[in-house]
Amino acid sequence: MNKFEQVRAEKLEKIAALGIDPWGSRFDDRQPIGQVRELAPEAGESTTRVRTAGRVMSKRDSGKACFFDIADHTGRIQVLTGKKQLGDAWPILDLTDLWDLVGVEGTIGRTRTGEVTIFADKVIFLTKTIAHPPDKHHGAQDVEILLRHRYIDMIQSPEVVRRFQDRSKILSTIRQYLTGQGFTEVETPTMQAIPGGAAARPFITHHNALDIDLYLRIAPELYLKRCLVGGMEKVFEIARVFRNEGIDATHNPEFTMMELYEAYGDYNRMMEITEGIVVGAMKSLGLPMQIKYGETDLDFTPPWRRATYDELLREHAGVGMDDTDGVFAEAKKRGIETLGKDADVVVSELFEATVEDALVGPIFVIDYPATLCPLTKRKTTNPRVAERFELFVAGMELANAYTELNDPILQEELFTKQLSGQKEEDSMAKMDREFILALKHGMPPAGGLGIGIDRLVMLLTGSTTIRDVIIFPLMRPKPVGALGLDEEGEGEETPTPSE
RNA sequence: GAGGACGUAGCUCAGUCGGUAGAGCAUCGGACUUUUAAUCCGUUGGUCGAGGGUUCAAGUCCCUCCGUCCUCACCA
């Protein structure tokens with residue numbers, strides 16, 4: 001405990017000595033501060049009584065009077081009280097520090113300078129804050145402090161709380177939209193013996209009683225399709241998935257993916273649903289169809305542009321995807337390694353290099369080279385092309401959907417086929433015999449869709465990094481030392497992982 | 001994984017050419033019943049991220065390590 005904490009801890013004792021519980025208790029019939037503010041008259045003091053609670057954000061002591069500001073997630077308000085008004089309760093104010101939690105009761109009004117103020121005759125101590133708070137004007141600015149101790153970020157920046165409330169609203173809107181369309185929400189295994197359904201490196205863990213290694217899922221896809229086999233014709237899951245890869249402004253090791261499957265649908269139907277979900281989410285936040293993301297102007301008025309993979313590759317790279325010689329030549333020209341790589345792997349790399357960053361969107365890129373899509377149904381008119389789309393917005397891949405492959409014989413074949421030039425962990429093709437067996441029982445033709453929830457929330461809340469929309473992003477563990485929280489001598493260090 | 005930047009009091013930040021470690025806020029003590037970055041007087045506070053090196057002397061220069069951020073690569 002550092003010197004600041006000792007001072008506050010001593011006050012704790014003094015509060016208790018006054019017969020007051022420094023940790024507070026139930027506090028009923030409280031109005032949120034935002035509501036209390038609305039009751040303020042144009043000027044002067046009203047007779048309207050209010051009762052509210054919040055965190056002390058600033059304090060201006062003036063002898064026998066005291067002004068302090070309290071804040072909750074709905075707003076901030078000034079409180080004025082005095083020795084005469086509080087009587088026996090007056091000494092508690094001396095023991096009240098910044099970031100303590102208090103309840104107040106009094107009349108609502110304005111001071112002569114026009115500031116909305118609660119003229120309090122009761123101050124109820126609710127909770128002592130032992131830690132020393134950051135600078136009351138600048139707040140903590142260090143990104144590391146804000147991320148490691150997100151509650152500090154939330155306390156000092158109401159917009160942070162609002163952003164996560166927006167995230168919650170987007171999620172509930174998606175649930176409402178889908179259940180309204182007859183979808184059933186299911187929860188499939190997070191720990192899986194074979195981590196399939198996407199191309200990504202998994203996290204590995206171990207179950208002691210069964211003595212088996214398990215993987216944290218990289219996608220819920222293969223289980224949701226089993227639900228289709230079982231007759232759940234419309235299912236979805238808002239799935240936390242885990243990918244053991246790099247961390248940057250658009251990637252966190254765990255993130256949230258919405259996946260849905262609709263029997264007897266196809267990828268065209270998935271485009272309609274995607275538009276419905278995104279537009280619905282925007283409306284729930286009160287956003288117009290034209291928004292700005294960073295410097296980019298986006299128009300979400302449906303229907304959104306649909307362009308084929310081949311068409312876009314011709315537009316931006318000047319070659320068609322079936323023109324193997326042209327694709328190799330163009331790739332080499334752009335410094336892409338082509339030696340020993342499958343033609344479609346090169347096509348894909350050329351596409352990523354030339355097209356993806358140029359896509360402002362929203363735009364559905366449709367009809368991908370089939371070899372890159374082992375879980376997707378091929379076009380009956382052209383088996384080289386898979387019925388898949390990806391939705392791009394502002395250079396981000398926001399959604400991915402297929403007409404689902406339901407042919408178990410072809411599926412088994414595709415699971416065994418690794419493309420040259422592609423590492424196994426970079427491939428979606430991982431043999432899962434249990435899944436093949438499920439397909440053998442007859443999965444209806446279906447459309448499937450995945451939407452990256454974090455990226456959608458980024459887009460709709462104007463956040464440029466994923467850390468702004470993941471409430472506790474992964475950070476490398478560190479001994480608690482910042483903010484004076486470090487225990488002297490018996491420093492309880494976070495164990496470092498073995499190398 | 002590669003490159004770059006940063007790390008100084010609880011917080012926000014200065015710190016010149018290598019020459020006694022600073023300010024504001026917060027804390028603590030005092031004055032004040034309409035302040036609002038309250039004011040006024042006084043006070044306390046440092047392993048300069050960690051370790052090593054150069055030097056008479058290192059916050060400052062060099063090396064290693066740790067952490068965070070940015071760019072690139074991978075990925076959604």
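Just so it is clear: chains get the letters A, B, ... in the order the sequence lines come, proteins before strands, and each one is counted from 1.
- In this structure, the side chain of A/Glu397 does not engage the main chain of A/Glu390 through any donor-acceptor pair within 3.5 Å.
- Side-chain nitrogen and oxygen atoms of A/Arg60 include none within less than 4.0 Å of the OP1 or OP2 phosphate oxygen of B/A37.
- More than 12 heavy atoms of other shown residues, nucleotides or ligands fall within 6.0 angstrom of atom CZ in A/Phe119.
- With a cut-off of 3.5 Å on both pairing distances, the Watson-Crick or G-U wobble partner of B/G1 is B/C72.
- Stacking annotation: A/Phe255 is stacked on the base of B/A76 (ring centroids less than 5.5 angstrom apart, interplanar angle below 30 degrees).
- An OP1 or OP2 oxygen of B/A76 is reached within less than 4.0 angstrom by no side-chain nitrogen or oxygen of A/Arg455.
- Contact of A/Thr111 with B/U35 (side chain to base): a donor-acceptor pair of N or O atoms is detected under 3.5 Å.
- To the nearest 0.5 angstrom, A/Lys122 atom NZ is 14.5 Å from A/Ile92 atom CD1.
- Judged by closest nucleotide on RNA chain B, A/Thr465 is the one of A/Asn252 and A/Thr465 placed further toward the 5' end.
- Take A/Glu272 and apply the side chain to side chain donor-acceptor pair (under 3.5 Å) test, not counting sequence neighbours, and it matches A/Arg269.
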Please enumerate all protein N or O atoms sitting under 3.5 Å from an N or O of nucleotides 39-41 of chain B, with distances to 0.1 Å.
none

Using nucleotides 26-30 of chain B, report all nitrogen or oxygen pairs with the protein that are shorter than 3.5 Å.
unit_1	atom_1	unit_2	atom_2	d
B/A26	OP1	A/Lys136	NZ	2.9
B/A26	O2'	A/His132	NE2	2.8
B/C28	OP1	A/Lys11	NZ	2.5

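- For B/U20, there is no paired base (Watson-Crick or G-U wobble, both distances below 3.5 Å).
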